[in-house]
**Student:** 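A single structure is presented below for examination.
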There are 2 protein chains.
Amino acid sequence: MKVIQSINLLQNNIFYYIFTTMDESTAKAKELFRDFLNRKDLKKTKERDIILEAVFDTHDHFDAEELLILFRQKKIPVSRATIYRTLDLLVECRLVKKISFGEAHFRYEHIFGHEHHDHLICNQCGQIIEFYNKDLEELQKKICRQYDFKEQDHSLRIFGLCKSCQ
Amino acid sequence: MKVIQSINLLQNNIFYYIFTTMDESTAKAKELFRDFLNRKDLKKTKERDIILEAVFDTHDHFDAEELLILFRQKKIPVSRATIYRTLDLLVECRLVKKISFGEAHFRYEHIFGHEHHDHLICNQCGQIIEFYNKDLEELQKKICRQYDFKEQDHSLRIFGLCKSCQ
DNA sequence: GTCGGTGCAAACTATTTGCAATCGA
DNA sequence: TCGATTGCAAATAGTTTGCACCGAC
């Protein structure tokens with residue numbers, strides 16, 4: 001199911017009409033984000049809306065700069081500072097995950113509508129392969145019990161060479 | 001077995017004599033580092049020696065700034081730039097591992113004389129618990145085979161609450 | 001109207017780099 | 001000797017922050 005949706009931006013007396021199709025999980029994420037903002041007495045702004053949509057449109061591990069470039073290309077006026085501030089909020093309400101792939105900066109991925117997964121990272125071409133393994137999850141739970149540790153999140157990254165780079 | 005060892009530093013016409021005890025694994029690491037430097041036609045300098053020792057003295061996950069502070073306290077003249085440059089070399093020759101615990105900077109740990117291990121990280125007090133699980137290693141190998149992926153390294157971090165913070 | 005939000009530029013943190021002086025082989 | 005290494009300070013990359021203005025409720 002797709003939902004047709006429009007955003008109106010008024011800037012320098014020019015209206016920007018942006019029509020996008022929004023899938024169900026984006027719609028659900030929006031709802032959750034709205035609830036989160038309400039709970040925290042924060043305001044719903046068009047910038048936060050735009051960023052959430054861009055994040056859920058990207059089925060990839062993006063960084064803050066990439067979002068900024070995307071917005072500039074599309075002539076959508078959202079500043080770098082707002083991107084960082086909004087990503088923090090999205091991480092706080094657990095719609096987005098902040099991850100480090102061993103680079104000098106952070107990447108993000110949306111997690112709503114996605115199963116938890118881990119990553120295989122190719123040291124040669126940089127390709128990132130997502131995988132999920134049930135046994136692995138079980139084993140980690142077992143390890144946490146051993147150490148009396150209450151797990152909240154985890155991240156397994158396997159670095160090496162992908163099939164085509166070997 | 002401990003080895004008594006001395007380093008002489010000549011700086012501003014003052015000799016600094018630093019006597020340290022060096023355990024076997026540090027001695028072995030030094031040897032490996034020396035070989036690495038030889039292979040690469042790089043020079044053995046007192047700074048590189050000092051940094052290697054400090055790294056192997058620390059049984060913890062330190063960062064570059066902590067090393068610098070340590071050297072300043074002990075009045076050992078080694079610059080920040082040299083610390084970063086030498087850590088890169090130690091990572092390259094696989095005596096040291098560069099890890100990210102989700103902070104804005106990197107940490108390092110020496111790996112020689114240590115079994116591979118993974119980390120439980122307490123979100124409350126910041127404590128880092130190291131663990132090793134054989135089944136986990138096996139399972140990861142199996143996953144790599146599934147994806148035709150040649151593993152070179154991996155890192156599993158489980159974030160949550162340690163026993164005393166729950 | 002009242003705060004909270006935004007954009008901008010400046011600040012800040014971690015890290016890297018250019019360069020002249022110094023040092024190791 | 002001669003190129004590699006060092007320390008310094010400046011540059012860079014990523015991110016955060018102060019502040020004046022703007023906008024959601």
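Please read all numbers here as calculations on a predicted model, not as lab measurements.
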**Student:** Got a second to check how far A/Thr45's OG1 is from A/Ile51's CD1, nearest 0.5 Å?
**Tutor:** 7.5 Å
**Student:** Quick one: list whatever passes side chain to side chain donor-acceptor pair (under 3.5 Å) with A/Glu65, sequence neighbours left out.
**Tutor:** A/Arg80
**Student:** Once you apply a heavy-atom cut-off of 4.0 Å, does B/Arg48 come out as touching a base, just sugar-phosphate, or nothing?
**Tutor:** sugar-phosphate
**Student:** I need the minimum non-hydrogen distance between B/Leu68 and B/Val78, along with the two atoms involved.
**Tutor:** CD1-O, 3.6 Å
**Student:** Mind calculating the distance between CG (B/Asp88) and C1' (D/dT5) to the nearest angstrom?
**Tutor:** 14 Å
**Student:** Of the nucleotides D/dG7, D/dT15, C/dC8, which has the atom closest to the B/Thr82 side chain?
**Tutor:** D/dG7
**Student:** Could you give the angle between the helix axes at the two ends of the helix from C/dG1-D/dC25 to C/dA25-D/dT1, with five pairs per end, rounded to 10 degrees?
**Tutor:** 30°
**Student:** Should we say atom NZ of A/Lys97 is surrounded by more than 12 heavy atoms from elsewhere, each under 6.0 Å from it?
**Tutor:** yes
**Student:** By the ring-ring contact (aromatic ring centres under 6.0 Å, His included) test, which pairs, at least two apart or in different chains, include something from residues 70-94 of chain A?
**Tutor:** none
**Student:** May I have the distance from B/Arg72 (atom CZ) to D/dG7 (atom C1'), rounded to whole angstrom?
**Tutor:** 11 Å
**Student:** For DNA chain C, which residues in residues 94-101 of chain B have a heavy atom at a distance below 4.0 Å?
**Tutor:** none
**Student:** Nearest nucleotide by nearest heavy atom, which residue falls closer to the 5' end of DNA chain D, B/Ile83 or B/Asp41?
**Tutor:** B/Asp41
**Student:** Enumerate donor-acceptor pairs with a distance under 3.5 Å from any side-chain N or O in residues 154-162 of chain A to protein atoms, sequence neighbours excluded.
**Tutor:**
from	atom 1	to	atom 2	distance (Å)
A/His154	ND1	A/Gln140	OE1	3.1
A/His154	ND1	A/Glu151	OE2	2.5
A/His154	NE2	A/His116	NE2	2.8
A/His154	NE2	A/Gln140	OE1	3.3
A/Ser155	OG	B/Arg157	NH2	2.9
A/Arg157	NH1	A/Ser100	O	2.6
A/Arg157	NH2	B/Ser155	OG	2.9

**Student:** I want to check one thing: is the phosphate of C/dT15, taken as OP1 and OP2, less than 4.0 Å away from some side-chain N or O of B/Tyr84?
**Tutor:** yes
**Student:** Please name the pair of heavy atoms, one in A/Cys93 and one in A/Phe33, separated by the smallest distance, quoted to 0.1 Å.
**Tutor:** SG-CD1, 3.8 Å
**Student:** Working note: A/Glu130 + A/His61, criterion side-chain hydrogen bond (donor to acceptor under 3.5 Å, both in side chains); need CA distance, chi angles, decisive distance, verdict.
**Tutor:** CA-CA 11 Å; A/Glu130 298 181 353; A/His61 311 89; 3.2 Å; yes
**Student:** Exactly one of B/Leu52, B/Leu95, B/Asp35 should register a side chain to side chain contact (heavy atoms under 4.5 Å, CB included) with B/Lys30. Which one does?
**Tutor:** B/Leu52
**Student:** Would you mind reading off the distance between B/Leu42 atom CG and C/dG24 atom C1', rounded to a whole angstrom?
**Tutor:** 12 Å
**Student:** Can you tell me the distance, in whole Å, between the CD atom of B/Glu65 and the P atom of C/dT16?
**Tutor:** 13 Å
**Student:** May I ask you to check whether A/Phe56 and A/His110 place their ring centers less than 6.0 Å from one another?
**Tutor:** yes
**Student:** Tell me which nucleotide among C/dG7, D/dG7, C/dG5 gets nearest to the side chain of B/Glu47.
**Tutor:** D/dG7
**Student:** Using the six-membered ring wherever Trp is involved, compare the ring planes of A/His119 and A/His117 and label them parallel, tilted or perpendicular (cut-offs 30° and 60°).
**Tutor:** perpendicular
**Student:** Between C/dT15 atom P and A/Phe106 atom CZ, what is the distance in whole Å?
**Tutor:** 11 Å
**Student:** Which nucleotide sits closest to the side chain of A/Ala64: D/dT15, C/dT15, C/dC8?
**Tutor:** D/dT15
**Student:** Let me know the distance between NZ of A/Lys40 and P of D/dA24, rounded to the nearest Å.
**Tutor:** 22 Å
**Student:** Provide, to the nearest angstrom, the distance between the CZ atom belonging to B/Arg39 and the P atom belonging to D/dA4.
**Tutor:** 18 Å
**Student:** Can you see if the side chain of B/Thr45 gets near the phosphate of D/dT6 - specifically, an N or O under 4.0 Å from OP1 or OP2?
**Tutor:** yes
**Student:** Report each atom pair, protein N/O against N/O of nucleotides 18-21 of chain D, whose distance is under 3.5 angstrom.
**Tutor:**
none

**Student:** Considering heavy-atom distances to DNA chain C, does B/Asp63 or A/Val78 have its closest nucleotide positioned more toward the 5' end?
**Tutor:** A/Val78
**Student:** Report the C-alpha separation of B/Arg48 and B/Leu89 in whole Å, then their side-chain angles, then the decisive distance to 0.1 Å, and conclude whether the side-chain contact (heavy atoms from CB on, under 4.5 Å) test is met.
**Tutor:** CA-CA 9 Å; B/Arg48 287 177 178 165; B/Leu89 289 175; 3.6 Å; yes
**Student:** Please report the distance, rounded to the nearest Å, between NZ in A/Lys43 and C1' in D/dA24.
**Tutor:** 5 Å
